[in-house]
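Inspection log for the structure reproduced underneath, given as structure tokens.
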Amino acid sequence: MWKEQYNRWKEYKELDKKLSSELDAIVSDEQSLEDAFYKNLEFGTGGMRGKLGPGTNRMNIYTVRKAAEGLASYVNDQGLSKRGVAIAYDSRYMSKEFAVETARVLGHHGIPSYVFTSLRPTPELSFAVRHLQAAAGVVVTASHNPPEYNGFKAYNEDGGQLPPLQAESMIDFVNQVENELQVEVADQKELEDNGLLKWVDEEVDQAYLEKLKTVTVKPEIERDISLVFTPLHGTARDLVEKGLKQSGFSSIHVVEEQAKPDPEFTTVASPNPEEHQAFEMAIDQGKSIGADLLMATDPDADRLGVAVPDGTGDYKVLTGNQTGALMLDYILEHTPNLPDNGQLIKTIVTSEFGRVIANSHNISTLDTLTGFKFIGEKIREYEQTGDHTFLFGYEESYGYLVKDFARDKDAVQAAVLIAEVGAYWKNQGMTLIDALEELYQKHGYFLEDLLSVKLEGKSGADTIEKIMDDFRNADIKEVGGKKVVAIEDYATTVRRYIEGDTTEEIDLPTSNVLKFILEDDCWFCLRPSGTEPKIKFYFGVKTESKAKSEQLIESLKDTVNERLHVLI
């Protein structure tokens, strides 16, 4: 089958010259050819993401055109084509080219595009869709993937990533495109002349920055705090600096070696603030100036990592769960007149720490599936029904949303808020680590960890499926010395309690995720990544001491690792 696809490309006389040359370079490597053509690059609920290069399973102008053709059909089907589509892109290879190709496909169908002239953060695109009252949005990005990747993320008219029903419709339209090589495009110059390709910048930037002012909780507090910020060669520098300055912060030090956009992300092994190595330069700079707080954003600026002095002359990188807990606690403690129907929204793999903090303020918590699109979907629902008021949303993977003028995780908002939180605690003579310790003393020692297993290509996908099948079908009664209380299978949306063998329905969309609820407030969860060739294992525990929590979480990981070693 894949050879038919390869031959179709090879025989296409108008194939892009660069892609044709790249195809010639791998013609003698059958494994590489098979990986490039054994399937179509999947357009899933979060869009598509893959390695750059020739082939139906790669990111290139043809697979992007196919996605854009599906988007055009989706927008027309919604009856919203006159409202147009907002398009942004990050610092990766081919990002601007893919953005323009998307506009050319849309323009062929008479759908206007609003395209930024230079790179912008993903959350600003989410905002732009709403601000421009567009029918949809696209961000060309692969987030924190390696340099050889790029991606295409689609947004609905609310500025959120497509929730399941809309995503299914979009996926159907994309899959109806039989030949990506034959998708028609309009001429860029003609589109510009006809007003079907409009370049946008300052208007959206200024509107976003105006909304960013609402993130501030206590404008009166002293902001005498020294900050080090690194955009990790991505899109965040301009908006983060401007946002911090307008919020009253003046001691802002940017890691200049990582400030310029760079598709190779030259100074880091991975441009991911979840990886501690990404903070190395920021930590060095922090030590040299005695900084109070370090911040790093991923290339498309939807994730924020934070590091703080640990009392030994070094810096500790906080987890997403810890940073989220600190911001949540600050919001709930210092927001006057919290609404009675206020709600925290988090994902099923995010720490229970947030729920306990929210409960202490009589604020309810809602769990969603992993993916910020589900948080955005709930915000929209609450606007329509009035059932709840959104107060804060976050996920363990460094994604936070403070105010709902964006409908995706927003590292710019998070940077402004965590700087304020740091300044507040500094005024109390404390660091964020001290503040965390207070929360632990009050609520218990919550500790989480993540095990991520990378399995690439067709063989990797098969192994991931094998792992999920094993954990799903095995009779696992104990993990790390803790009894299994219940198993939540989100593929069947059934929660099964071990004692009594009773079941109940989980009121969430289906997803290939398994969560094991253990005794004594412990749990672990496994899910294939939707954007990377990985399977992820999440662990969470709570005890009365840090040492006990650390020991317990290692026991859970050891048990799971033993099983994995047999399967891989």
What do you reckon, is CD of Q384 surrounded by more than 12 foreign heavy atoms closer than 6.0 Å?
yes
Who passes side chain to side chain donor-acceptor pair (under 3.5 Å) against E377, sequence neighbours left out?
none
Is there side-chain contact between L232 and P273, with heavy atoms separated by less than 4.5 Å?
yes
Heavy-atom distance under 4.5 Å between the side chains of W199 and E192, does that happen here?
yes
Are P54 and E22 side-chain neighbours, meaning at least one heavy-atom pair lies under 4.5 Å?
yes
Distance, nearest 0.5 Å, that separates OG1 of T335 from CG of L391
7.5 Å
So, R472 and N512: side-chain donor and acceptor under 3.5 Å apart, yes or no?
yes
Sequence neighbours excluded, the answer for side chain to side chain donor-acceptor pair (under 3.5 Å) partners of N179 is R8
Listing, residues 236-243 side-chain donor-acceptor contacts under 3.5 Å, not counting sequence neighbours, or none:
residue: R237; atom: NE; partner: E241; partner atom: OE1; Å: 2.8
residue: R237; atom: NH1; partner: E256; partner atom: OE1; Å: 3.2
residue: R237; atom: NH2; partner: E256; partner atom: OE2; Å: 3.1
residue: D238; atom: OD1; partner: K242; partner atom: NZ; Å: 3.4
residue: D238; atom: OD2; partner: K242; partner atom: NZ; Å: 3.3

State the CG-CZ distance between D298 and R303, to the nearest 0.5 angstrom.
6.0 Å
Over all atoms of both residues, closest heavy-atom pair of V138 and L125:
O-CG, 3.6 Å
Would you say the side chains of Y208 and E210 form a donor-acceptor pair under 3.5 Å?
no
Examine the side chains of E275 and H144 and answer whether a donor and an acceptor come within less than 3.5 Å of each other.
no
I'd like to know if E101 pairs up with K66 as an ion pair, taking the criterion as any Lys NZ or Arg NE/NH1/NH2 lying under 4.0 Å from an Asp or Glu carboxylate oxygen.
no
What's the shortest heavy-atom distance between A358 and L332, and which atoms?
CA-CD1, 3.8 Å
Does any donor atom in the side chain of H233 or E264 lie under 3.5 Å from an acceptor atom in the other side chain?
no
Over 12 non-hydrogen atoms of neighbours within 6.0 angstrom of CG in D193
yes
Please indicate whether K211 has more than 12 foreign heavy atoms, meaning atoms of other residues, nucleotides or ligands, lying under 6.0 Å from its NZ.
no
Sidechain-backbone polar pair: E97 side chain, I61 backbone, donor-acceptor under 3.5 Å:
no
Test your reading of the model: is there a side-chain donor-acceptor pair from S143 to the backbone of N145, 3.5 Å cut-off?
no
Student check: side-chain heavy atoms of I379 and L401 closer than 4.5 Å
yes
What is the ring orientation for Y6 with W2, classed by angle as parallel under 30°, tilted 30 to 60°, or perpendicular over 60°?
tilted
D35 side chain to Y38 main-chain N or O, any donor-acceptor pair under 3.5 Å?
no
Is the backbone of V513 close enough, under 3.5 Å, to the side chain of S511 for a donor and an acceptor to pair up by distance?
no
Is there a donor-acceptor contact under 3.5 Å linking the side chains of D408 and Y155?
yes
Between K96 and L119, is the side chain to side chain contact (heavy atoms under 4.5 Å, CB included) condition met? List the steps.
CA-CA 8 Å; K96 187 169 186 177; L119 73 178; over 6 Å; no
Given side chains that start at C-beta, do those of F98 and M59 come closer than 4.5 Å, heavy atoms only?
yes
Any residue meeting side chain to side chain donor-acceptor pair (under 3.5 Å) with Y400, in chain and number order, not counting sequence neighbours
none
Under 3.5 Å donor-acceptor pairs involving side-chain atoms of residues 111-118, not counting sequence neighbours:
residue: T117; atom: OG1; partner: D201; partner atom: OD1; Å: 3.1
residue: T117; atom: OG1; partner: D201; partner atom: OD2; Å: 2.3
residue: S118; atom: OG; partner: R120; partner atom: NH1; Å: 2.8

Checking side chain to side chain contact (heavy atoms under 4.5 Å, CB included) for the pair E69/Y74: CA distance, chi angles, key distance, verdict?
CA-CA 9 Å; E69 181 76 6; Y74 169 83; over 6 Å; no
Taking everything shown except Q246 itself, do over 12 heavy atoms lie less than 6.0 Å from its CD?
yes
To the closest 0.5 Å, what do you measure between NZ (K18) and CG (D16)?
8.0 Å
Check against salt bridge (Lys or Arg N to Asp or Glu O under 4.0 Å), E190 and R104
CA-CA 10 Å; E190 288 182 7; R104 292 177 70 200; over 6 Å; no
Looking only at side chains, do S95 and N150 share a donor and an acceptor under 3.5 Å apart?
yes
When you measure from the side chain of N40 to the backbone N and O of E42, does any donor-acceptor pair fall under 3.5 Å?
no
Can any side-chain N or O of N194 pair as donor or acceptor with the backbone N or O of L196 at less than 3.5 Å?
no
Closest heavy-atom contact between V177 and G70?
CG2-N, 4.3 Å
So do the side chains of L514 and E488 get within less than 4.5 Å of each other, counting heavy atoms only?
no
Side chain to side chain contact (heavy atoms under 4.5 Å, CB included), that's the test. Do E420 and Y330 meet it? Break it down for me.
CA-CA 9 Å; E420 181 179 336; Y330 183 78; 2.6 Å; yes
Ignoring hydrogens and geometry, is there a side-chain-to-backbone donor-acceptor pair from R83 to A134 under 3.5 Å?
yes
With distance as the sole test, does D77 use its side chain to make a donor-acceptor pair with the main-chain N or O of S73 at under 3.5 Å?
no
What's the spacing between D90 CG and T122 OG1 if we round to 0.5 Å?
7.0 Å
Going by atom type alone, with no hydrogens or angles, which donor-acceptor pairs under 3.5 Å involve a side-chain atom of residues 342-350 and a protein atom two or more places apart or on another chain?
residue: Q343; atom: OE1; partner: Y382; partner atom: OH; Å: 2.4
residue: Q343; atom: NE2; partner: S364; partner atom: OG; Å: 3.2
residue: K346; atom: NZ; partner: T350; partner atom: O; Å: 3.1
residue: K346; atom: NZ; partner: E352; partner atom: OE2; Å: 3.0
residue: K346; atom: NZ; partner: D367; partner atom: OD1; Å: 2.8
residue: T347; atom: OG1; partner: T350; partner atom: OG1; Å: 2.6
residue: T350; atom: OG1; partner: E396; partner atom: N; Å: 3.1

Nearest 0.5 Å, please: how far is CD in E274 from CG in L304?
11.5 Å
Hey, could you give me the CG/CD distance between L417 and Q413, rounded to the nearest 0.5 Å?
9.0 Å
For the residue pair Y93 and P147, what are the closest heavy atoms and their distance?
CD1-O, 3.9 Å
Would you say K10 has more than 12 foreign heavy atoms packed within less than 6.0 Å of its NZ?
yes
Could you go step by step and tell me if K378 and E381 meet the salt bridge (Lys or Arg N to Asp or Glu O under 4.0 Å) rule?
CA-CA 5 Å; K378 279 297 175 183; E381 177 187 316; 3.1 Å; yes
So, T389 and N341: side-chain donor and acceptor under 3.5 Å apart, yes or no?
yes
Does M170 reach the side chain of L71, with side-chain heavy atoms less than 4.5 Å apart?
yes
Compute the ring centroids of F374 and F372, then answer whether they are less than 6.0 Å apart.
no
Is the backbone N or O of R58 less than 3.5 Å from a side-chain atom of T63, with the two atoms forming a donor-acceptor pair by type?
yes
Under a 4.5 Å cut-off applied to non-hydrogen side-chain atoms, are F173 and F43 in contact?
no
